[in-house]
Enquirer: 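Below you will find the structure I want to go over with you.
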Amino acid sequence: MRKLIVLAAMSVLIAVAGSCSKEDPPKNEAVYNPTAASITIPAFVKQYIGEMPMPSDNPLTTEGIFLGRKLFYEKMLSNDMTMSCASCHKQENGFDDPRPFSQGTNGSFGDRNAMAIINLAWDKHFFWDGRRSSLEGQAHDPVTNPIEMANNWPDVVQRLQASGEYPELFFKALGTRKIDSNLVVKAIAQFERTLVSFNSRFDKYYYMGDSSALNEQEKRGLSIFTGKGLCKNCHLMNTLLTDLEFRNNGLDENPKDAGLMKFTGIAADNGKFKVPTLRNIAVTAPYMHDSRFATLEEVVAFYSSQVKQNSPNLDEHMPEFKSGLNLTIQEKADLVAFLKSLTDKDFITNPAFSQP
Ligand code: HEC
Ligand code: HEC
């Protein structure tokens, strides 16, 4: 026991002596001391889906979010320095790509529509086929994808390391000036978690009780969405407007793209795709994984009478779709009007999300 006390006393002495040794950093050098950040989430959202989940090894900080935002708009990530994440994920389009198929730096096109980046902090599976299970993991892929940024990580890291400003920004955000790919994706994921959208007219009406926020036609459309149209069976009224599952909504009798099966190899997953959020849907055209529909009118016409009954693994939530919903012309127009009320103007114009 006495030994321990002596040892403790000695280490205090050493610590005191150490504090005036020559190894001390100069006084003007920055200390790693990031500012913990939290995103304000409306109370009604927390009631349905709880606080924003946060990985313990990548908590939000003001410095981390700023670095991630800068990297999201950083063209050094692509091989020829012409493309950033934002080239295909545009804020005014709900961080989606208005082009049916995104074009990579080498000119070739992908075969899937880009996806909106909205409220993904609550999600667990990413891409149309769910092949990535974290935002950090997801962000690795576009950089090296030959039909996207077509780059390699050593080159990206070397460029960022050689730039005047990035090493200092990484130090402030993540505690080291030595950049690597894991730190890059951590910062980008922090920025992506801040992309929350819960402030449409629909939210004001449905969750916040402002009865004048929707007009009569939009209210009728909402009733179809939650009633006869069965939309809410998969695009849940849980504030996310998705159940975060993978389902086949009956687009094809013989799906060209196997969707979830591409990732799992299981036949029962053939034709299943991620149920996307419908938030900001009016600005994220074209629609479906292969951009087959240019307008919401086409989408609604599909659900009304074009669901393919022989589609493999057609979703159990869609038995009624088998005979066709057969919405009237008026009902279809009402439903489309409702979908357009899901746009959150603050989200698509928020200066905190734009190019820094
Ligand atoms: C060339 C266009 C392009 C670029 C550049 C691009 N993406 Fe994407 N992004 C897509 C496409 C296309 C998909 C869907 C691909 C699929 O499902 O196979 C997608 C999917 C995603 C998803 C999945 C969303 C969800 O709901 O599952 C996220 C997140 C994402 N991208 C973030 C990023 C980030 C971060 C970057 C930059 C590091 C980036 N993207 C660069 C086209 C692009
Ligand atoms: C069985 C579950 C299910 C039901 C019910 C359902 N959807 Fe969907 N919805 C999906 C899936 C899965 C996708 C993505 C399909 C794909 O791209 O292959 C989707 C895609 C969409 C899209 C395109 C989203 C985008 O980002 O491209 C819209 C719009 C849409 N649904 C609206 C509706 C409406 C309106 C209804 C009710 C009439 C409805 N959905 C009913 C599962 C469902």
Side-chain angles (χ1 to χ4, degrees), residues 68 71-74 77-78 83-89 94-97 99 101-105 108-120 123 125-132 135 138-143 145 147-150 156 184-185 188-189 191-192 195 221 224-226 228-235 241-252 255 257 259 262-263 271-282 284-293 296 298-300 302-304 307 314-318 320-321 325 327 332 335-336 338-339 342:
L71 289 167
F72 190 86
Y73 287 93
E74 180 53 73
L77 265 52
S78 64
M83 184 175 284
S84 70
C85 307
S87 304
C88 300
H89 297 280
F95 291 95
D96 201 345
D97 192 341
R99 299 168 295 181
F101 302 107
S102 312
Q103 193 170 20
T105 53
S108 56
F109 290 89
D111 55 3
R112 287 181 178 165
N113 185 208
M115 304 174 83
I117 304 179
I118 304 170
N119 301 335
L120 291 185
D123 212 337
H125 306 284
F126 303 93
F127 289 120
W128 284 110
D129 52 18
R131 64 188 182 273
R132 280 294 197 167
L135 282 172
Q138 191 286 329
H140 276 283
D141 296 354
V143 171
N145 188 331
I147 53 169
E148 294 187 348
M149 296 163 132
V156 173
V184 172
V185 300
I188 291 178
F191 171 63
E192 288 177 306
L195 302 177
I224 296 163
F225 189 88
T226 58
K228 182 177 176 184
L230 306 170
C231 314
K232 74 153 197 298
N233 289 5
C234 304
H235 302 285
L241 299 181
T242 163
D243 62 1
L244 305 176
E245 291 292 336
F246 292 78
R247 302 185 183 279
N248 178 6
N249 62 348
L251 291 170
D252 294 303
D257 185 335
K262 246 186 175 172
F263 169 56
K272 291 185 182 173
F273 289 86
K274 182 168 177 174
V275 178
T277 182
L278 299 184
R279 290 190 169 278
N280 302 296
I281 195 73
T284 66
Y287 303 109
M288 305 299 168
H289 68 272
D290 57 2
S291 299
R292 67 180 60 195
F293 301 130
L296 288 172
E298 288 174 42
V299 171
V300 168
F302 157 74
Y303 279 113
S304 178
V307 171
L314 181 62
D315 199 81
E316 60 196 30
H317 287 74
M318 300 180 80
E320 292 88 342
F321 283 12
L325 293 170
L327 302 175
K332 286 191 237 180
L335 186 51
V336 168
F338 166 68
L339 292 171
L342 297 171

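All ligand and atom numbering here is 1-based and tracks the order in the structure.
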Enquirer: Between Cys234 and His317, does a side-chain contact (heavy atoms from CB on, under 4.5 Å) hold up when you go through it step by step?
Expert: CA-CA 7 Å; Cys234 304; His317 287 74; 3.9 Å; yes
Enquirer: So, do Tyr287 and Leu296 sit near enough that their side-chain heavy atoms are less than 4.5 Å apart?
Expert: yes
Enquirer: To check your reading of the model: name the closest protein heavy atom to atom 21 (C) of ligand 1, its residue, and the distance in Å.
Expert: Gln138 NE2, 3.4 Å
Enquirer: To check you understand the geometry: which heavy-atom pair defines the closest contact between Leu325 and Gly229, and what is its length?
Expert: CD1-O, 3.7 Å
Enquirer: Identify the closest protein heavy atom to atom 16 (C) of ligand 1: which residue and atom is it, and at what distance?
Expert: Phe127 CD2, 3.5 Å
Enquirer: Taking all non-hydrogen atoms of both residues, which atom of Asp97 and which atom of Ser102 are closest, and how far apart?
Expert: OD2-OG, 2.9 Å
Enquirer: Side chain, backbone, both or neither: which part of Pro276 has a heavy atom under 4.0 Å from ligand 1?
Expert: neither
Enquirer: Can an N, O or S atom be found in His235 less than 2.8 Å away from atom 8 (Fe) of ligand 2?
Expert: yes
Enquirer: Look only at interatomic distance and state if Met288 has a nitrogen or oxygen under 3.5 Å from any nitrogen or oxygen of ligand 2.
Expert: yes
Enquirer: Under 3.5 Å between some N or O of ligand 1 and some N or O of Asp97?
Expert: no
Enquirer: Which of the numbered atoms in ligand 2 are below 4.0 angstrom from a heavy atom of His289?
Expert: 16 (C), 17 (O), 18 (O)
Enquirer: Give the residue and atom name of whichever protein heavy atom lies nearest to atom 17 (O) of ligand 1, and the separation in Å to one decimal.
Expert: Trp128 N, 2.9 Å
Enquirer: Only heavy atoms of Asp315, strictly under 4.0 Å: list the atoms of ligand 2 that pass.
Expert: 1 (C)
Enquirer: Once you restrict to heavy atoms under 4.0 Å, what part of Pro142 touches ligand 1? Side chain, backbone, both or neither.
Expert: side chain
Enquirer: Would you call Val307 and Phe302 a side-chain contact if the rule is heavy atoms closer than 4.5 Å?
Expert: yes
Enquirer: Could you check whether any side-chain heavy atom of Phe225 comes within less than 4.5 Å of a side-chain heavy atom of Leu278, counting everything from C-beta outward?
Expert: yes
Enquirer: Looking at atom 35 (C) of ligand 1, what's its closest protein heavy atom, distance included?
Expert: Glu192 OE2, 3.3 Å
Enquirer: Specify side chain, backbone, both or neither for Leu278, according to which of its non-hydrogen atoms lie closer than 4.0 Å to ligand 2.
Expert: side chain
Enquirer: Please work out whether any backbone atom (N, CA, C, O) or any side-chain heavy atom from C-beta onward of Ile117 is under 4.0 Å from ligand 1, and answer side chain, backbone, both or neither.
Expert: side chain
Enquirer: Please indicate whether any nitrogen or oxygen in Lys274 is less than 3.5 Å from any nitrogen or oxygen in ligand 1.
Expert: yes
Enquirer: Provide, to 0.1 Å, the distance between atom 2 (C) of ligand 1 and the closest protein heavy atom, together with that atom's residue and name.
Expert: Cys88 SG, 2.0 Å
Enquirer: Does only the side chain of Ile281 get under 4.0 Å from ligand 2, or the backbone, or both, or neither? Count heavy atoms.
Expert: side chain
Enquirer: Is Asp257 salt-bridged to Arg112, cutoff N-O under 4.0 Å?
Expert: yes
Enquirer: Just distances here: any N/O of His89 and N/O of ligand 1 closer than 3.5 Å?
Expert: yes
Enquirer: Can you tell me the protein heavy atom closest to atom 38 (C) of ligand 1 and the distance?
Expert: Cys85 SG, 2.6 Å
Enquirer: If you round to the nearest 0.5 Å, how far is CD1 of Ile147 from CZ of Phe109?
Expert: 11.0 Å
Enquirer: Just need the protein heavy atom nearest to atom 11 (C) of ligand 1, so name the residue and atom and give the distance.
Expert: Ala114 CA, 3.4 Å
Enquirer: Using a 3.5 Å cut-off on N or O atoms only, is Arg247 in polar contact with ligand 2?
Expert: no
Enquirer: On a heavy-atom basis, which atom in Met149 and which in Cys85 lie closest, and how many Å separate them?
Expert: CE-N, 3.4 Å
Enquirer: Compute the minimum heavy-atom distance from Asn113 to ligand 1 and say whether it is under 4.0 Å.
Expert: yes
Enquirer: Can His125 and Arg132 be counted as having a side-chain donor-acceptor contact under 3.5 angstrom?
Expert: no
Enquirer: Less than 4.5 Å apart, any side-chain heavy atom of Thr105 and any of Met83?
Expert: yes
Enquirer: Is Ala189 close enough to touch ligand 1? Criterion: a residue heavy atom under 4.0 Å from a ligand atom.
Expert: no
Enquirer: Can an N, O or S atom be found in Asn249 less than 2.8 Å away from atom 8 (Fe) of ligand 2?
Expert: no
Enquirer: Output, in order, the C-alpha distance, side-chain angles, deciding distance and verdict of salt bridge (charged side-chain N to carboxylate O under 4.0 Å, His left out) for Asp129 and Lys274.
Expert: CA-CA 6 Å; Asp129 52 18; Lys274 182 168 177 174; over 6 Å; no
Enquirer: Starting from atom 3 (C) of ligand 2, which protein heavy atom do you reach first, and at what distance in Å?
Expert: Cys234 SG, 2.7 Å
Enquirer: Any nitrogen or oxygen of Arg131, main chain or side chain, under 3.5 Å from a nitrogen or oxygen of ligand 1?
Expert: yes
Enquirer: Between Val299 and ligand 2, which residue portion shows a heavy-atom distance shorter than 4.0 Å: side chain, backbone, both, or neither?
Expert: side chain
Enquirer: Only heavy atoms of Phe126, strictly under 4.0 Å: list the atoms of ligand 1 that pass.
Expert: 27 (O)
Enquirer: Record the part of Met83 in heavy-atom contact with ligand 1 below 4.0 Å; permitted values are side chain, backbone, both and neither.
Expert: side chain
Enquirer: In ligand 2, which numbered atoms sit nearer than 4.0 Å to a non-hydrogen atom of Phe273?
Expert: 12 (C), 16 (C), 18 (O)
Enquirer: For ligand 2, which atoms have a heavy atom of Leu230 less than 4.0 angstrom away?
Expert: 5 (C)
Enquirer: So how far is it from Cys88 SG to Asp96 CG, rounded to the nearest 0.5 Å?
Expert: 10.0 Å
Enquirer: Without hydrogens or angle criteria, can the side chains of Asn249 and Tyr303 be said to hold a donor-acceptor pair below 3.5 Å?
Expert: yes
Enquirer: Please confirm whether Phe273 and Phe246 have ring centers closer than 6.0 angstrom.
Expert: no
Enquirer: Could you tell me the residue and atom name of the protein heavy atom closest to atom 36 (C) of ligand 2, and the distance to it rounded to 0.1 Å?
Expert: Cys231 SG, 2.8 Å
Enquirer: Which ligand 2 atoms does Gly229 reach within 4.0 Å, using its non-hydrogen atoms?
Expert: 37 (C), 38 (C)
Enquirer: Test Ile188 against Leu77 for side-chain contact (heavy atoms from CB on, under 4.5 Å), laying out the working first.
Expert: CA-CA 12 Å; Ile188 291 178; Leu77 265 52; 4.2 Å; yes
Enquirer: Could you tell me which non-hydrogen atom of Pro142 sits nearest to which non-hydrogen atom of Ala139, and how far apart they are?
Expert: CD-O, 3.5 Å
Enquirer: Considering only the protein, which heavy-atom contact is closest to atom 42 (C) of ligand 1, and what is its distance?
Expert: Glu148 OE2, 3.5 Å
Enquirer: Considering all heavy atoms of both residues, which atom of Thr242 and which atom of Leu244 are nearest to each other, and what is their separation?
Expert: OG1-N, 2.7 Å
Enquirer: Tell me, do Leu120 and Leu135 make a side-chain contact under 4.5 Å, heavy atoms counted?
Expert: yes
Enquirer: So is there a nitrogen or oxygen of Asp129 less than 3.5 Å from a nitrogen or oxygen in ligand 1?
Expert: no
Enquirer: I'd like to check which ligand 2 atoms, numbered from 1 as shown, lie under 4.0 Å from a non-hydrogen atom of Leu251.
Expert: 16 (C), 18 (O)
Enquirer: For the pair Phe72 and His89, name the ring-plane relationship: parallel under 30°, tilted 30 to 60°, perpendicular over 60°.
Expert: tilted
Enquirer: Using a 4.0 Å cutoff against the non-hydrogen atoms of Ser102, which atoms of ligand 1 qualify?
Expert: 1 (C), 2 (C), 42 (C)
Enquirer: At less than 4.0 angstrom from any non-hydrogen atom of Ile188, what atoms of ligand 1 do you find?
Expert: 35 (C)
Enquirer: Does Tyr303, backbone or side chain, put an N or O under 3.5 Å from an N or O of ligand 2?
Expert: yes
Enquirer: Numbering the atoms of ligand 1 from 1, which are under 4.0 Å from a heavy atom of Ser84?
Expert: 5 (C)
